[in-house]
Amino acid sequence: MEKIYSYEYKYAKAKKRIEKIKGFYIHLLVTIVLIPFLIFINLRFVPQFHWFWFPVMGMSIGLFFHWLGAFGFDKLGFSKDWEEKKIKEYLDKN
């Protein structure tokens with residue numbers, strides 16, 4: 001019985017993680033399509049003021065935090081065993 005529960009729990013957790021990753025890639029695609037469109041609109045109608053930088057920066061920050069939420073701190077080097085790795089690295093070095 002415990003094995004079935006464990007499998008179902010792991011399956012649900014993996015499915016949730018895949019949904020987060022899928023959401024990130026959709027966000028990335030929308031950003032890639034929308035930024036050139038905003039640049040075109042800006043340069044076409046108000047070429048003297050480049051306001052497109054404001055949404056580009058906001059979308060980039062939002063995309064970064066979405067990436068962080070989808071892939072976690074592991075990609076930045078701050079996994080659960082980060083402290084242990086650093087201690088071992090320091091001991092091996094000295």
Side-chain angles (χ1 to χ4, degrees):
M1 182 68 171
E2 186 175 320
K3 212 175 211 184
I4 294 171
Y5 174 75
S6 177
Y7 175 76
E8 288 175 359
Y9 175 75
K10 288 179 182 178
Y11 179 80
K13 192 172 180 179
K15 187 174 181 179
K16 185 176 180 182
R17 180 157 171 83
I18 295 301
E19 288 295 323
K20 283 184 177 183
I21 293 171
K22 181 181 169 185
F24 167 74
Y25 283 119
I26 291 171
H27 188 172
L28 179 63
L29 180 66
V30 168
T31 301
I32 289 171
V33 170
L34 194 58
I35 287 176
F37 178 71
L38 290 174
I39 292 171
F40 171 76
I41 295 296
N42 179 198
L43 296 179
R44 173 84 170 133
F45 295 106
V46 190
Q48 62 274 16
F49 178 65
H50 293 175
W51 55 259
F52 68 86
W53 288 111
F54 301 113
V56 166
M57 293 304 292
M59 292 173 76
S60 300
I61 291 169
L63 190 62
F64 171 74
F65 282 111
H66 199 165
W67 173 83
L68 198 60
F71 295 103
F73 286 97
D74 296 345
K75 297 288 184 181
L76 293 177
F78 298 113
S79 61
K80 293 179 182 177
D81 57 346
W82 173 79
E83 189 173 336
E84 290 297 323
K85 285 181 186 177
K86 283 299 180 184
I87 290 171
K88 186 175 180 178
E89 179 183 315
Y90 181 74
L91 289 174
D92 290 343
K93 191 175 182 179
N94 292 328

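For the numbers below, each heavy atom of this structure counts, side chains included, while hydrogens, waters and symmetry mates do not.
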> Hydrophobic cluster membership, with links at side-chain heavy-atom distances under 4.5 Å among I/L/V/M/F/W/Y: are L28 and W67 in one?
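The answer is yes; both residues are in one hydrophobic cluster.
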> Could you grab the distance from atom CZ of F40 to atom CZ of F45, nearest 0.5 Å is fine?
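It comes to 6.5 Å.
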> If the condition is side-chain contact (heavy atoms from CB on, under 4.5 Å), which residues does F49 pass it with, not counting sequence neighbours?
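For F49, the residues satisfying side-chain contact (heavy atoms from CB on, under 4.5 Å) (neighbours in sequence not counted) are V46, W51, F54.
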> Which heavy atom of K20 sits nearest a heavy atom of A70, and at what distance?
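The pair with the smallest heavy-atom distance is O-CB, 3.7 Å.
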> Under 3.5 Å, which donor-acceptor pairs link side chains of residues 55-62 to any protein atom two or more places apart or in another chain?
unit_1: S60; atom_1: OG; unit_2: V56; atom_2: O; d: 2.7

> For residues 31-39, please give each side-chain donor-acceptor pair under 3.5 Å, one per line with the distance, not counting sequence neighbours.
unit_1: T31; atom_1: OG1; unit_2: H27; atom_2: O; d: 2.9

> Please name all residues satisfying side-chain contact (heavy atoms from CB on, under 4.5 Å) with K88, sequence neighbours left out, ordered by chain then number.
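Testing K88 for side-chain contact (heavy atoms from CB on, under 4.5 Å), a comparison that skips the adjacent residues, returns D92.
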> Quick one: do Y25 and L63 end up in the same hydrophobic cluster if we chain Ile, Leu, Val, Met, Phe, Trp and Tyr together by side-chain heavy atoms under 4.5 Å apart?
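Shared cluster, yes.
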> Give me the other members of the hydrophobic cluster that L91 sits in, counting Ile, Leu, Val, Met, Phe, Trp and Tyr linked by side-chain heavy atoms under 4.5 Å, directly or via other members.
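Members other than L91 - counting any ILVMFWY side chain reachable under 4.5 Å - are I87.
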> Which residue pairs satisfy the side chain to side chain donor-acceptor pair (under 3.5 Å) criterion with at least one member in residues 33-48, sequence neighbours excluded?
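Qualifying pairs, neighbours excluded: none.
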> Atom NZ in K15, atom NZ in K22: separation rounded to 0.5 Å?
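K15 atom NZ to K22 atom NZ measures 10.0 Å (nearest 0.5 Å).
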> Answer with yes or no whether the hydrophobic clustering places L29 together with F24; edges join I, L, V, M, F, W, Y residues whose side-chain heavy atoms lie under 4.5 Å apart.
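As far as the 4.5 Å side-chain criterion goes, F24 and L29 are not connected within one cluster.
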